[in-house]
There are 2 protein chains.
Amino acid sequence: MLDAEERILDAAVEAAAVHGITRLSVADVAKRAGLSRPTLYKHFPSKEALIAAAVQREAGAMVGAVNTVVDGIDEPRAALRAGVLLALRLVRDHPLLDRVVRTEPEVLVPLLTTDEGLVMSAIRLPVEQMVARKFPHLDAVAVRRLADILTRLLVSYALNAPDDPPEIVAALVAAVLADGAASLPSIAAHTVTEETR
Amino acid sequence: MLDAEERILDAAVEAAAVHGITRLSVADVAKRAGLSRPTLYKHFPSKEALIAAAVQREAGAMVGAVNTVVDGIDEPRAALRAGVLLALRLVRDHPLLDRVVRTEPEVLVPLLTTDEGLVMSAIRLPVEQMVARKFPHLDAVAVRRLADILTRLLVSYALNAPDDPPEIVAALVAAVLADGAASLPSIAAHTVTEETR
DNA sequence: AGATTGACAGATGTGGTAAAAGTGTCAACA
DNA sequence: TGTTGACACTTTTACCACATCTGTCAATCT
């Protein structure tokens with residue numbers, strides 16, 4: 001049998017994807033995990049801690065996957081494009097994130113505005129580390145600023161799906177951030193077909 | 001005496017900045033404009049039309065100001081920087097916009113997500129036209145994509161104020177979009193002092 | 001003993017309703 | 001012609017009874 005806490009986190013993500021974040025109840029999570037509420041409270045001290053652990057696990061998995069892809073490519077612009085592409089696909093295909101953005105986006109507002117941009121700062125850290133590894137010639141300040149721009153674009157694409165497919169967007173962002181507007185015409189239609197998995 | 005409709009729009013913006021968008025009442029607007037509700041309804045057929053006219057006027061003024069500044073500068077990167085700087089200052093100093101983002105950002109959610117990104121598409125049009133004028137060597141598709149990125153960044157900065165001052169952000173965005181990451185180190189501290197008005 | 005659970009107290013959220021405020025439109029007035 | 005008090009209708013607010021949920025026991029089971 002899987003680790004109990006992993007099973008509980010799976011149940012939490014599943015329940016949230018079905019009923020939404022605002023309607024998430026620990027009774028529902030416990031039932032899906034095959035145990036009762038008091039047992040669940042032995043593993044997680046509160047509902048808030050349960051949610052925090054779940055989002056941390058989901059976000060960590062995404063960051064790890066993107067990190068792996070990025071580190072497997074030497075050339076900065078190609079690595080950037082592959083990382084952005086994977087990130088776009090992960091957020092688009094994540095059932096819970098998709099559910100929240102589509103049906104209850106208002107819960108994201110406090111995370112994006114009030115809490116000093118909690119989401120922004122959480123995403124910016126791994127993004128900044130990746131940028132630092134791929135653009136070693138940039139100093140720390142330039143890295144931070146480039147990471148800020150990239151983070152804002154990623155959040156924007158996650159909240160408001162672009163018209164173009166992820167392959168185009170990834171190639172576009174990588175081209176502009178790496179080489180500026182002058183490199184834009186190099187993003188031709190063939191990029192789509194050859195990159196489509 | 002000023003034109004009645006202009007006075008009504010002034011009153012509407014003022015009332016919304018004080019009481020918020022959700023608490024905006026046409027009785028309040030009428031009182032501030034120095035007339036009664038029935039008279040106000042002679043000028044605007046409904047509350048919805050009044051709000052639409054107000055945001056259209058405010059947005060139009062901003063777009064016009066940015067357009068003027070951008071068209072006064074030939075060099076693309078400098079024009080881009082000046083336009084972004086002015087846009088950042090305008091949104092930061094706009095009392096109503098500031099009030100909405102700070103105290104009732106949830107009203108922005110439907111505008112940014114559901115309505116097919118009504119705000120995004122409204123802002124993208126003038127941005128796209130400016131980009132097309134300043135980067136004439138780019139084809140229509142490249143212009144649209146560059147404008148999309150610029151629009152997303154502007155909206156992001158409006159919703160979530162950056163750590164750096166507008167002068168830095170403007171120089172940064174202009175440098176990256178025009179020439180890519182390689183041009184980043186050229187954004188030094190002197191840029192701030194010499195640009196601060 | 002260690003893990004699990006039914007059951008409880010307090011907090012939180014839901015549904016329904018009556019009062020209040022707001023919208024849009026008259027006919028009457030200046 | 002331009003303005004407004006007053007009206008019907010809709011939407012919002014305030015309240016309360018009720019249901020649900022959270023977090024924590026002591027009791028139960030293995």
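By convention in this document, chain letters (A, B, ...) are assigned in the order of the sequence lines, proteins followed by strands, and residues within each chain are numbered from 1. Just the heavy atoms: all of them, side chains too, but no hydrogens, waters or symmetry mates, feed the values below.
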**OP:** For A:Q56, look at atom CD and say whether over 12 heavy atoms of other residues, nucleotides or ligands are found less than 6.0 Å away.
**Re:** no

**OP:** Nearest whole angstrom, please: distance from the C1' of C:dA21 to the NZ of B:K47.
**Re:** 11 Å

Original post:
Within this structure, what is the CG-to-P distance between A:L35 and D:dT30, rounded to whole angstrom?
Top reply: 17 Å

**OP:** Could you tell me whether A:L50 contacts a base, only the sugar-phosphate backbone, or nothing, with contacts defined as non-hydrogen atoms closer than 4.0 Å?
**Re:** nothing

Subject >> 5′-ward residue of the pair A:G34/B:E48 relative to DNA chain C >> reply: A:G34

Subject >> B:E75 with B:K134: basic N within carboxylate O range, under 4.0 Å >> reply: no

**OP:** Before accepting this row, confirm whether a basic side-chain N of the pair A:R77/A:D179 lies closer than 4.0 Å to the acidic partner's carboxylate O.
**Re:** yes

**OP:** Give a yes or no answer on whether the side chain of A:R37 reaches the backbone of A:A27 with a donor-acceptor pair at less than 3.5 Å.
**Re:** no

Subject >> Whole angstrom value for the distance that separates C1' of C:dT5 from NZ of A:K31 >> reply: 15 Å

Original post:
Does any N or O in the side chain of B:R7 come within less than 3.5 Å of the main-chain N or O of B:A33, such that one atom is a donor and the other an acceptor?
Top reply: yes

Original post:
Listed in order of residue number, which residues of residues 37-44 of chain A have a non-hydrogen atom at under 4.0 Å from DNA chain D?
Top reply: A:R37, A:P38, A:Y41

Original post:
Which residue lies toward the 5' end of DNA chain D, A:R23 or A:P45, if each is placed at its nearest nucleotide?
Top reply: A:R23

Subject >> Ion pair A:D163/B:R145, N-O distance below 4.0 Å >> reply: no

